[in-house]
Engineer: 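One structure, as structure tokens, below. Some questions next.
Worth saying up front: this structure is predicted, and the values here are computed from it rather than measured.
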Amino acid sequence: MNAVNFKLLIVAAALSTPLAQASTEIIVNGGFETGSFTGWEFNEKGGSALFVESGFVSPATAYPTSGPATGLFYALADGPLGATALIQRFTVGAVSNASLNFDMFVNSGVDGMIHATGLDQETGGSFDPNQHVRVDILSETANAFDTGSGVLGTYYLGANPPGDLNYSHYQMDVTGLLAAGGNFQLRFAQVNNQAYLLQGIDNVSLTVTPVPEPETYALMLAGLGLVGVAVRRRQGS
């Protein structure tokens with residue numbers, strides 16, 4: 001390999017490195033392996049509560065659970081006549097790719113029922129049937145139990161049949177929602193006013209690929225200029 005070809009190879013490698021942006025994990029303690037809610041905000045109302053658990057029985061109702069999907073711990077929502085919202089706030093810049101992943105089981109004592117009042121176990125005081133789980137990305141200013149304009153994207157809404165203790169893996173492309181960047185909240189929520197409702201959450205992940213900064217493109221153009229100069233010199237020799 002002559003000197004010109006070697007230089008071209010070095011420049012080409014340098015150019016490719018900055019543009020090959022690595023994906024970044026946004027969620028803190030997504031597997032709850034700290035044994036706590038580190039990185040998360042938990043909100044409870046009525047008789048429902050949130051726990052970080054390692055066992056296979058709910059401490060709220062003594063109903064069986066699936067235990068952790070992997071590792072030692074998982075988050076569990078359970079309890080009669082109430083609602084919970086487990087939230088992690090996050091900030092991202094402009095991204096070219098964003099993927100939301102999580103493992104979840106939903107074990108309801110009755111078939112799921114979604115009431116227009118959202119995450120309100122009292123359904124405006126009427127106590128109409130309302131028993132379901134939801135996973136959303138919220139705006140920065142939305143309150144913990146918002147199901148209106150503060151919901152930017154919904155990635156699960158419903159409940160599995162009674163007695164279902166199996167984890168399901170969910171993977172969603174959320175690039176369109178996060179593309180421009182900003183401040184957001186990821187929420188796992190449930191409401192229950194009919195029978196037991198266990199929601200288990202594990203292995204929460206949000207990976208994003210940042211859009212290269214303008215300086216990166218400037219470096220690329222400068223490098224291409226060097227390549228052009230080297231090629232012309234080689235052709236003129």
Side-chain angles (χ1 to χ4, degrees), residues 29-30 32 35-69 73-89 102-139 141-151 153-168 170 185-202 204:
N29 190 29
F32 305 97
S36 69
F37 284 120
T38 299
W40 296 88
E41 301 173 14
F42 58 95
N43 304 268
E44 306 163 333
K45 60 181 181 177
S48 291
L50 284 157
F51 312 90
V52 173
E53 285 296 309
S54 60
F56 295 81
V57 176
S58 168
T61 60
Y63 281 103
T65 81
S66 298
F73 297 98
Y74 65 108
L76 177 68
D78 188 23
L81 192 61
T84 63
L86 181 61
I87 289 173
Q88 185 156 152
R89 298 177 183 270
F102 56 92
D103 295 320
M104 185 171 71
F105 72 82
V106 179
N107 181 17
S108 176
V110 296
D111 288 329
M113 294 163 278
I114 302 170
H115 194 273
T117 54
L119 294 168
D120 175 15
Q121 75 274 17
E122 298 181 358
T123 56
S126 67
F127 290 90
D128 293 333
N130 192 19
Q131 183 144 326
H132 64 273
V133 162
R134 59 185 300 145
V135 179
D136 309 283
I137 292 179
L138 309 179
S139 67
T141 57
N143 70 60
F145 295 100
D146 190 350
T147 56
S149 60
V151 178
T154 298
Y155 303 99
Y156 183 93
L157 180 60
N160 293 8
D164 188 349
L165 286 174
N166 296 315
Y167 273 100
S168 295
Y170 299 88
Q185 304 177 68
L186 174 62
R187 177 182 69 186
F188 294 84
Q190 61 96 357
V191 61
N192 168 20
N193 72 0
Q194 293 298 297
Y196 68 87
L197 175 61
L198 284 74
Q199 177 190 21
I201 307 158
D202 205 353
V204 183

Engineer: T38: what forms a side chain to side chain donor-acceptor pair (under 3.5 Å) with it, not counting sequence neighbours?
Structural biologist: S36
Engineer: For residues 104-124, which residue pairs qualify under ring-ring contact (aromatic ring centres under 6.0 Å, His included), counting only residues two or more places apart or in two chains?
Structural biologist: F105-Y167
Engineer: Output all residues satisfying side chain to side chain donor-acceptor pair (under 3.5 Å) with Q121, sequence neighbours left out; order by chain, then residue number.
Structural biologist: none
Engineer: Going by side chain to side chain donor-acceptor pair (under 3.5 Å), name the residues that satisfy it together with Y156, two or more places apart in sequence or in a different chain.
Structural biologist: N160
Engineer: Do Y196 and Y63 have ring centres separated by under 6.0 Å?
Structural biologist: yes
Engineer: OG1 of T117 to CG of N130: how many Å apart, nearest 0.5 Å?
Structural biologist: 5.0 Å
Engineer: What is the minimum heavy-atom distance between V106 and V133, and which atoms define it?
Structural biologist: CG1-CG2, 3.8 Å
Engineer: For E122, what residues pass the side-chain contact (heavy atoms from CB on, under 4.5 Å) criterion, not counting sequence neighbours?
Structural biologist: D120, F127
Engineer: For F42, is the CZ atom crowded, meaning more than 12 foreign heavy atoms sit under 6.0 Å from it?
Structural biologist: no
Engineer: What pair of heavy atoms forms the shortest contact from S58 to T65, and how long is it?
Structural biologist: N-CG2, 3.6 Å
Engineer: With sequence neighbours excluded, tell me which residues meet side-chain contact (heavy atoms from CB on, under 4.5 Å) with P64.
Structural biologist: L165
Engineer: By salt bridge (charged side-chain N to carboxylate O under 4.0 Å, His left out), which residues pair with E44, not counting sequence neighbours?
Structural biologist: none
Engineer: For the residue pair A144 and A85, what are the closest heavy atoms and their distance?
Structural biologist: O-CB, 3.5 Å
Engineer: Only pairs at least two apart or in different chains count here, so list each salt bridge (Lys or Arg N to Asp or Glu O under 4.0 Å) that has a residue in residues 53-69.
Structural biologist: none
Engineer: Test of understanding: with side-chain contact (heavy atoms from CB on, under 4.5 Å), list the residues that count as partners of L119, not counting sequence neighbours.
Structural biologist: H132, R134, F145, T147, R187, A189, V191
Engineer: Between T154 and D136, is any side-chain donor less than 3.5 angstrom from a side-chain acceptor?
Structural biologist: yes
Engineer: Would you call L198 and L76 a side-chain contact if the rule is heavy atoms closer than 4.5 Å?
Structural biologist: yes
Engineer: Provide the closest heavy-atom pair for D128 versus T123 in the form atom of the first, atom of the second, distance.
Structural biologist: N-OG1, 2.7 Å
Engineer: Tell me yes or no: between the side chains of T61 and D78, is some donor less than 3.5 Å from an acceptor?
Structural biologist: yes
Engineer: With sequence neighbours left out, what residues match Q88 under side-chain contact (heavy atoms from CB on, under 4.5 Å)?
Structural biologist: I27, V28, W40
Engineer: For F102 and Y155, I'd like to know if the aromatic rings sit close, meaning centre-to-centre distance below 6.0 Å.
Structural biologist: no
Engineer: What heavy-atom pair brings G112 and A159 nearest, and what distance separates the two atoms?
Structural biologist: CA-CB, 3.7 Å
Engineer: How close do Q185 and S139 get, counting heavy atoms only, and between which atoms?
Structural biologist: NE2-O, 2.8 Å
Engineer: Taking side chain to side chain donor-acceptor pair (under 3.5 Å) as the test, write out the residues that go with S54, two or more places apart.
Structural biologist: none
